[in-house]
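Have a look at the structure below before the remarks.
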Protein chains: 2
Amino acid sequence: MTRAPQKRRLETRAKLLTVAKTIVATQGYSALRVEDVVAHAGVAKGTFFSHFGDKDGLLAVILGARMTEFLDEMEATPPPTHPEDIAIRLTPMLDFVAQDRVIFDLLLRYSGTTGAEVDAVITESFTRQITMFAGWIAQMQAHGQIRADRDPALLAEGIQAFLNHVLALGFCMEHEKQPPAQALAPFLSCWLVR
Amino acid sequence: MTRAPQKRRLETRAKLLTVAKTIVATQGYSALRVEDVVAHAGVAKGTFFSHFGDKDGLLAVILGARMTEFLDEMEATPPPTHPEDIAIRLTPMLDFVAQDRVIFDLLLRYSGTTGAEVDAVITESFTRQITMFAGWIAQMQAHGQIRADRDPALLAEGIQAFLNHVLALGFCMEHEKQPPAQALAPFLSCWLVR
DNA sequence: GATAAATAGTGACCGTAGTCAATTTATTAG
DNA sequence: CTAATAAATTGACTACGGTCACTATTTATC
């Protein structure tokens with residue numbers, strides 16, 4: 001049977017996370033180097049990988065926490081009552097993801113995993129997000145604001161698809177950069193209204 | 001002004017491409033190593049990068065050619081007359097992209113670029129695809145098969161979004177693997193019919 | 001406390017993408 | 001034909017993620 005982690009291990013992990021978060025905060029996600037993290041944390045490289053599996057594992061922990069914060073905020077505010085509101089609610093999260101390609105890539109990669117270990121945080125935040133969307137949709141359907149002839153789960157997944165689409169577009173076309181939330185609007189209105 | 005490339009350069013480029021295509025054909029995209037390519041082509045590493053910029057540049061050339069083939073085939077066959085037909089038309093291309101994560105990642109990365117140099121092939125194939133979708137849609141709208149209250153361009157972009165969505169899902173969830181074209185169907189029907 | 005077993009940590013080493021000053025080869029001008 | 005210039009190629013070198021056999025530390029057993 002598996003033993004509980006020792007105090008020392010928890011401290012090491014905390015050290016690594018603190019250093020990583022500092023680097024991310026000061027230099028951004030794409031500037032994060034495993035070698036810098038271990039150097040500043042004063043541990044060996046192997047230790048890093050024994051804790052997080054790989055670089056993405058660390059990023060998943062940090063990003064998962066951030067996503068959870070966004071979800072908490074969204075669930076704390078009243079749900080949108082019109083399709084146009086959805087894009088507004090999502091703006092902070094979209095702007096966050098749009099800020100760095102690294103974030104988007106990692107989220108996309110983990111977006112539908114069955115969530116094995118460390119990265120479970122991200123997986124969970126995704127299912128939570130879809131569930132939240134479905135809740136919004138059911139509500140709006142009940143109030144006759146949007147089409148009611150489809151399963152909220154399908155419509156929720158569709159929103160996710162459009163989210164990723166506008167984010168991907170934002171990274172590709174440097175020109176004519178409208179904010180992602182704005183690009184999202186026409187898709188949502190078409191997707192939810194018949 | 002820029003001079004035309006010398007014969008030697010074209011030969012080198014052809015050699016590199018031939019070797020790369022062979023490796024891809026026998027071992028798959030994810031097994032491609034720049035070092036193997038240059039070794040088999042009998043040129044130095046720097047030469048590779050002077051030709052393709054980076055590894056993705058080479059992949060873009062190869063993938064761009066493949067995508068163009070798919071588009072040629074699709075344009076050679078009569079356009080779909082019903083939403084359900086769309087998924088069927090797309091099946092070969094979807095299966096191809098779904099076969100290897102490397103393909104999907106690269107396509108996604110280049111999907112909306114303004115297309116500077118080498119990678120222009122991919123960019124072009126994307127705009128061509130969207131245009132083709134829009135054509136299909138306009139046709140179906142004219143025949144009253146699908147909703148006609150939205151711009152074909154928007155609906156075409158939406159299809160692209162769903163394409164990427166089902167592909168991404170397919171890579172994440174190893175379990176319950178339905179073919180991408182099948183996963184696409186419900187989204188298309190909801191997206192195009194009101 | 002001694003010793004065995006499990007857990008934590010180490011750092012030299014590897015694989016592979018990408019860089020660039022130097023060199024070789026082709027083209028043009030006189 | 002030769003010198004000057006431009007194009008093409010070279011390969012040693014760097015950056016960085018990731019591995020693993022080994023050492024060190026903690027915990028359990030008697």
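The figures here come from the full heavy-atom set of this structure, side chains too, leaving out hydrogens, waters and symmetry mates. Since this is a predicted model, take the numbers as computed values, not measurements. Just so we're on the same page: letters track the sequence lines, and every chain starts at 1.
If you check every strand for non-hydrogen atoms under 4.0 Å, A/Lys45 touches a base. At a threshold of 4.0 angstrom between heavy atoms, the contacts of A/Leu10 with the nucleic acid are absent. Residue contacts shown for A/Thr12 are limited to sugar-phosphate atoms, with no base heavy atom under 4.0 Å away.
In summary, the aromatic rings of A/Phe162 and B/Phe162 are positioned with their centroids under 6.0 Å apart.
C/dG9 atom C1' lies 17 Å from atom NZ of A/Lys7, rounded to whole Å. Rounded to an integer number of Å, the gap from A/Glu11 CD to D/dT25 C1' is 13 Å. Counting to the nearest Å, the P atom of D/dG18 and the CG atom of A/Leu59 are 11 Å from each other. If you measure from atom CG of B/Leu58 to atom P of C/dA17, you get 11 Å, rounded to the nearest angstrom. Distance B/Phe49 CZ to D/dT14 C1': 13 Å, rounded to the nearest Å. Protein atom CG of A/Asp54 is 9 Å distant from nucleotide atom C1' of D/dG17, rounded to whole Å. As a whole-Å value, the separation of A/Phe48 CZ from C/dG11 P is 17 Å. We find that CD of B/Glu35 is positioned 10 Å from C1' of C/dG18, with the value rounded to whole Å.
Judged by distance alone, with hydrogens and angles left aside, the side-chain atoms of B/Glu75 form no donor-acceptor pair with the main-chain N or O of B/Asp72 at under 3.5 Å.
For B/Gln6, whose side chain is taken as the heavy atoms from C-beta onward, the closest listed nucleotide among D/dA8, C/dG9, D/dG18 is D/dA8. Side chain of A/Thr47, nearest nucleotide from C/dG11, C/dG9, C/dG18: C/dG9. Residue B/Arg3 has its side chain nearest to D/dA7 when only D/dA7, D/dG18, C/dG9 are considered.
Closest-nucleotide positions on DNA chain D for A/Arg8 and A/Gly46 were compared, and the one nearer the 5' end corresponds to A/Gly46.
Under 4.0 angstrom from either OP1 or OP2 of D/dT9 there lies at least one side-chain N or O belonging to B/Arg9. Contact annotation: A/Ser50 side-chain N/O to C/dG9 OP1/OP2 distance is not under 4.0 Å. Listed pair B/Arg33 / C/dT16 meets the phosphate criterion, a side-chain N or O lying under 4.0 Å from OP1 or OP2. Checking the phosphate oxygens (OP1, OP2) of D/dA8, no side-chain nitrogen or oxygen of B/His51 falls inside 4.0 Å.
Taking the centre and axis of the six-membered ring of A/Phe96, the NZ or CZ atom of A/Arg66 falls inside the cone set by 45° and 6.0 Å.
Within the 4.5 Å cutoff, no side-chain heavy atoms of B/Leu167 are placed close to those of B/Leu107.
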Verify side-chain hydrogen bond (donor to acceptor under 3.5 Å, both in side chains) between B/Arg150 and A/Ser189, making sure each step is shown before the conclusion.
CA-CA 10 Å; B/Arg150 308 281 171 163; A/Ser189 114; 3.0 Å; yes

